[in-house]
Amino acid sequence: MSTAPLLRVTDLSVTYGVPRRGVGLGTGAALRGASLEVYPGEIVGIIGETGSGKTTLARATVGLTAPAGGTIEFDGRDLTSLRGRELRKFRRQGRIQLVFQDPLRSLDPDLTVARLVGEPLEVAGGRDTTRGERIDRALREVGLDPGVVRDRRPRDLSGGQRQRVSLARAIVTEPQLLICDEPVSALDVSNRNLVLNLLDRLRRDLGLAVVIIAHDLSSLAGIGDRVAVFYRSRLVEQGNLHEVLTRPAHPYTALLVASAPSLGERSAIRPDDVRLDREVAGAADPGGCVFADRCRFAFADCATQPPLLEVGERWSAACHIAARWPDEISENTPIRTGNTGTLTKGDR
Ligand SMILES: Nc1ncnc2c1ncn2[C@@H]1O[C@H](COP(=O)(O)OP(=O)(O)OP(=O)(O)O)[C@@H](O)[C@H]1O
Ligand SMILES: [Mg+2]
């Protein structure tokens, strides 16, 4: 594997304009200081519960949403410095492609499959006498028979077929990076595995890097080289998928692993290690760790945002005790200060 990342997102923030309805209401931060690395030819899973900023990260990476801060380097180029014509040109080239979360809504219902798959090539412009051939090749690549589906419209396809059309549309420009926003959430288990295996094969056959966004670890079904876990618009951990599943470095990741039974068996983490302090999270301290109000290991330092700490090779976690947890912290010695069960004002 090459040592230079294909995509390096550093400290990315995205803020949506939220109408102020009185003093104290902040703007909507959809992403806060998110960092992510994707190396050529690898599959990276992005895991996070609903509203944690996954789609926002994907949209910002392809240039559909302007970041408020941070950098996005792709193949050595800083995309956040591209403006106007340069940005449009980069997007037209289709070197990063996004497969949207909802294929039925993102595919124009009036267009045939051939038009839908050919559209990115039209956008890229230039005379291309091989367009029809490229469309058919992309369709075959995703396991669809061009002769059967070419003239159909999205409503005449099954959910799994629509997902494949979205994929064909994304790979037709021969991108280096494919970002799939929840490609399997709407599919049943058998279709889910077919699509994940297909992504794995596309990565191998076409040599592209693939980012798979999902709600939970189990929907990755063990496919992927690395994983990035988001919680409340922040990256909490990223690392090798196998290592993270076996020995999560962040208490939130540990919670996810422990609550995915089939994965938990492989892990050194037992559900008891990570039981929550409180089932329902309160309002996160804007300056502190996003998980602190649910974490039984939280202590005074957690009122300040932990930096991403290296815990291994290409493995980091945003937790003050990442490198020490859980070995040095026995179940009987919670490190919270005070006995209120939450951080008190005095701790901050
Ligand atoms: N266009 C928008 N305007 C205002 N707020 C938005 C907008 N899009 C997203 N948000 C907010 O930003 C946050 C992150 O949203 P995002 O769609 O990135 O989450 P997600 O992780 O993709 O969630 P899901 O798993 O439900 O798809 C949420 O709080 C969401 O309400
Ligand atoms: Mg989303």
Side-chain angles (χ1 to χ4, degrees), residues 41-50 52 54-55 58 97-107 109 112-114 116-117 135-172 175 177-229 241-242 244-246 256-267:
E42 72 171 357
I43 295 188
V44 177
I46 293 188
I47 303 297
E49 57 189 22
T50 183
S52 56
K54 306 179 299 294
T55 297
Q97 287 286 15
L98 175 59
V99 179
F100 289 92
Q101 193 158 353
D102 180 349
L104 192 54
R105 269 180 41 203
S106 63
L107 296 175
T112 62
V113 166
L116 285 167
V117 175
I135 292 168
D136 286 357
R137 200 186 324 136
L139 286 170
R140 277 193 296 269
E141 203 70 70
V142 299
L144 292 173
D145 181 346
V148 173
V149 297
R150 205 188 281 121
D151 297 321
R152 291 211 193 157
R153 288 179 169 75
R155 63 174 169 275
D156 306 320
L157 300 167
S158 72
Q161 287 172 324
R162 276 196 289 269
Q163 190 59 264
R164 283 162 196 270
V165 169
S166 299
L167 275 173
R169 189 178 147 89
I171 61 170
V172 77
L177 175 63
L178 188 63
I179 303 178
C180 303
D181 196 356
E182 309 219 16
V184 295
S185 302
L187 304 177
D188 58 38
V189 176
S190 59
N191 267 313
R192 177 178 290 193
N193 290 339
L194 284 174
V195 168
L196 288 173
N197 287 327
L198 171 61
L199 289 172
D200 198 23
R201 188 173 59 69
L202 289 178
R203 172 270 292 269
R204 261 184 287 121
D205 290 357
L206 309 177
L208 42 76
V210 181
V211 169
I212 301 176
I213 295 176
H215 267 108
D216 56 279
L217 280 165
S218 47
S219 52
L220 285 182
I223 287 186
D225 304 298
R226 288 192 318 120
V227 67
V229 178
L241 179 65
H242 175 75
V244 168
L245 289 180
T246 321
L256 291 183
V257 173
S259 43
S262 57
L263 303 171
E265 284 164 22
R266 284 190 235 160
S267 174

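All residue numbers in this chain count up from 1 along the given sequence. Heavy atoms only: backbone and side chains are in, while hydrogens, waters and symmetry mates are out.
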Stepwise, does the side-chain contact (heavy atoms from CB on, under 4.5 Å) test hold for Val113 with Leu157? CA-CA 10 Å; Val113 166; Leu157 300 167; 3.8 Å; yes
Taking Arg226 for its side chain and Val44 for its backbone only, find out whether a donor-acceptor pair lies under 3.5 Å. no
side-chain contact (heavy atoms from CB on, under 4.5 Å) for Asp216 and Leu256? Distances and angles first, verdict last. CA-CA 7 Å; Asp216 56 279; Leu256 291 183; 5.9 Å; no
I need the minimum non-hydrogen distance between Val165 and Leu107, along with the two atoms involved. CG1-CD1, 4.2 Å
Does Asp181 reach the main-chain N or O of Phe100 with its side chain, forming a donor-acceptor pair under 3.5 Å? no
Closest heavy-atom pair and its distance - Ser219, Ala214: OG-CB, 3.4 Å
Minimal non-hydrogen separation, Val99 against Ser166, with atom names: CG1-CB, 3.7 Å
So, Lys54 side chain and Ile46 main chain: donor-acceptor pair closer than 3.5 Å or not? no
For residues 136-152, which residue pairs qualify under salt bridge (charged side-chain N to carboxylate O under 4.0 Å, His left out), counting only residues two or more places apart or in two chains? Asp136-Arg150, Arg137-Glu174, Glu141-Arg201
Only one of Ile213, Ile43, Leu98, Leu199 passes side chain to side chain contact (heavy atoms under 4.5 Å, CB included) with Cys180, and that residue is Leu199
d(Arg162 CZ, Arg155 CZ) to nearest 0.5 Å is 11.0 Å
What's the shortest heavy-atom distance between Ala138 and Val117, and which atoms? CB-CG1, 4.3 Å
Counting C-beta onward and ignoring hydrogens, is there a side-chain heavy-atom pair between Arg164 and Leu194 closer than 4.5 Å? yes
Considering non-hydrogen atoms only, spot the tightest contact between Ala58 and Ile179 and give its length. CB-CG2, 3.8 Å
State, with a plain yes or no, whether a side-chain heavy atom of Asn191 is found less than 4.5 Å away from one of Ser158. no
Got Val210 and Leu202 here, is their nearest side-chain heavy-atom distance under 4.5 Å? no
Gap between atom CG of Leu245 and atom CG of Leu241 - 0.5 Å precision: 4.5 Å
State whether Arg203 and Asp200 are salt-bridged, where the test is any N-O pair (Lys NZ or Arg NE/NH1/NH2 against Asp/Glu carboxylate O) under 4.0 Å. yes
Answer whether the closest heavy-atom distance between the side chains of His215 and Thr50 falls below 4.5 Å. yes
Minimal non-hydrogen separation, Pro183 against Ile212, with atom names: CG-CG2, 3.8 Å
